[in-house]
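These numbers were taken from a predicted model, which means no experiment stands behind them. Per chain, numbering begins at 1; letters A, B, ... match sequence-line order.
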Protein chains: 2
Amino acid sequence: MKLRIVLVEPEGRINMGFILRLAKNFNVNDICVVNPKFNILDEEVLNFAAKGSELAGQVRIAKCLDECLKDLELSVCTTSYYDVESDVIRQSISLKHMVSIASNYNSLALVFGRESVGLTRSELGRCDLVMTIDVGSEYNVFNLSHAVAIVLYELLGVRKPQQAVYGYLSSREQLNYIVNYAKEIATALGLKASDVEIALKHVLYKALITKAEGRVLYRLFKSIYFTLKHCGKPASDSVSEDSDESA
Amino acid sequence: MKLRIVLVEPEGRINMGFILRLAKNFNVNDICVVNPKFNILDEEVLNFAAKGSELAGQVRIAKCLDECLKDLELSVCTTSYYDVESDVIRQSISLKHMVSIASNYNSLALVFGRESVGLTRSELGRCDLVMTIDVGSEYNVFNLSHAVAIVLYELLGVRKPQQAVYGYLSSREQLNYIVNYAKEIATALGLKASDVEIALKHVLYKALITKAEGRVLYRLFKSIYFTLKHCGKPASDSVSEDSDESA
């Protein structure tokens, strides 16, 4: 999706810097700023932008909101205040519903207002939709850059397939080695090996353990097994002395 | 869920202020700070906290991380860097998986490290789990307060039942009035009234329109109907002159 962040008359250099950093975090390159109250290339902006400072030179400066809404299929204005009954201009949708609607379009402008007073009624009227972030607390007014962070996260944060665990998942073979040692240990100690096998398999698979974690557990169980064996404990000798590398 | 935000040696007053504001936004009252590099009641902190400054006096200051992890069922440390293979201490879970795990516990500490260098290996080792926010871009390092915003949003932002639209939804009766006027108008103009009825119903129900929006549309269609009628256009007179208040 082609996404443009539109800021209307931002007042704070720190927020501007943070928003450039967020744009870099979320890989958004299209930023349009209406009549900023400072120089986008100000040193304080660039400091707070961290690696997002690379984007500062690409920011488009516009004289009015309409310039920033050109060439996009859908525009969404944001507001903290939503009148629940009488005011047609502040009839708002939720962030999650906006994401659901936006997924039907190829290009989208997200419009954020001033730190002090947000967007004017005239500006709200220029957008196709009005959106409010409401997390169910009494204090709904987010700092500008944090509102941007939350909206970008909800809209783009799931772009990457959502894995539960980072890193390389333990192989079935590695887990089998661990389980086999545990069964031998259980048998040696007079415990029911099949119960240990089942419980440990559930634990290992629920834990989505990684190779690095698996290696630690493998060495632990192997070490227990051979220590018990040297004490004359293991009932059988069925576990071969495989190398650490194979697990 | 009992949630504690734990900050380890935060360096920036602005971030501290923003995090207090976020705590207020998300209705989190339990904040524990290990060895902060400034006074929590510093004026700059309070300014950036906005209404979150109310929470500044309740922040607990601790000498070490363990003090902040007491009396909780689960602790999750955060890191931007996750070693994908060899380093057992940085084997990380994703934010969404953390939320799924945390939903099984009654109390949780979320631990965030220093702006400059994050959490030490020793601190990461104190937590039950390590988590990374990864949104699929090349630049994964979030500003501290924005990482807090995103984690709190994902964990707590759905606490409130997720409605799509804020405000009072238009009543079925109000929508029927609109549809009936539209059908009469269609008939008067020689169009297929049943097609207009179906299309308009789909549009109105897909749009989840509110009472305030419905009132505007109702008046529009009613006005068109009576204007056409005075031009001698409507074929029938079946729509009664109901008052605006009833729609």
When the ring centroid of F26(A) is compared with that of F142(B), is the distance short of 6.0 Å?
yes
Which atom of S137(A) lies closest to which atom of K24(B), heavy atoms considered
OG-O, 3.9 Å
Measuring from atom NZ of K206(A) to atom CD1 of I101(B), what distance do you get when rounded to the nearest 0.5 angstrom?
11.0 Å
Separation of E213(B) CD from I89(A) CD1 (nearest 0.5 Å):
11.5 Å
With a cut-off of 6.0 Å (strictly less than), are more than 12 heavy atoms of other residues, nucleotides or ligands near CD of E43(B)?
no
Chain A contact via V165(B) - which portion, at a heavy-atom distance below 4.5 Å
both
Under 4.5 Å from any heavy atom of chain B, what part of V88(A) do you find: side chain, backbone, both or neither?
both
Within a strict 4.5 Å, meaning less than it, do heavy atoms of the Y166(A) and I93(B) side chains meet?
no
Does the plane of the ring in Y153(A) sit parallel, tilted or perpendicular to the ring in Y153(B)? Use 30° and 60° as the thresholds.
perpendicular
Output all residues satisfying salt bridge (charged side-chain N to carboxylate O under 4.0 Å, His left out) with K2(A), sequence neighbours left out; order by chain, then residue number.
D30(A)
Using non-hydrogen atoms only, which part of L22(A) is less than 4.5 Å away from chain B: side chain, backbone, both, or neither?
side chain
Quick check: do V148(B) and H146(A) have side-chain heavy atoms less than 4.5 Å from each other?
no
Check for a donor-acceptor pair, side chain of S94(B) on one end and backbone N or O of Q163(A) on the other, with a separation under 3.5 Å.
yes
Which region of L152(B), side chain (C-beta onward) or backbone (N, CA, C, O), has a non-hydrogen atom less than 4.5 Å from a non-hydrogen atom of chain A, or is it both or neither?
neither
Contacts of residues 107-121 of chain B with chain A (heavy atom under 4.5 Å)
none
Considering only heavy atoms from C-beta outward, does the side chain of E138(A) approach that of N27(B) to under 4.5 Å?
no
For atom OH of Y205(B), is the number of surrounding heavy atoms from other residues, nucleotides or ligands below 6.0 Å larger than 12?
yes
Interchain contact, I14(B) with chain A, by part (heavy-atom threshold 4.5 Å):
side chain
Apply side chain to side chain contact (heavy atoms under 4.5 Å, CB included) to residues L208(B) and H97(A) and explain how you reach the verdict.
CA-CA 11 Å; L208(B) 285 169; H97(A) 194 51; 3.8 Å; yes
Between V141(B) and R21(A), is any pair of side-chain heavy atoms under 4.5 Å apart?
yes
Under the 3.5 angstrom rule, does the side chain of N25(B) hit a backbone N or O of Y139(A) as a donor-acceptor pair?
yes
Which atoms of S145(B) approach chain A - backbone, side chain, both or neither, heavy atom under 4.5 Å:
both
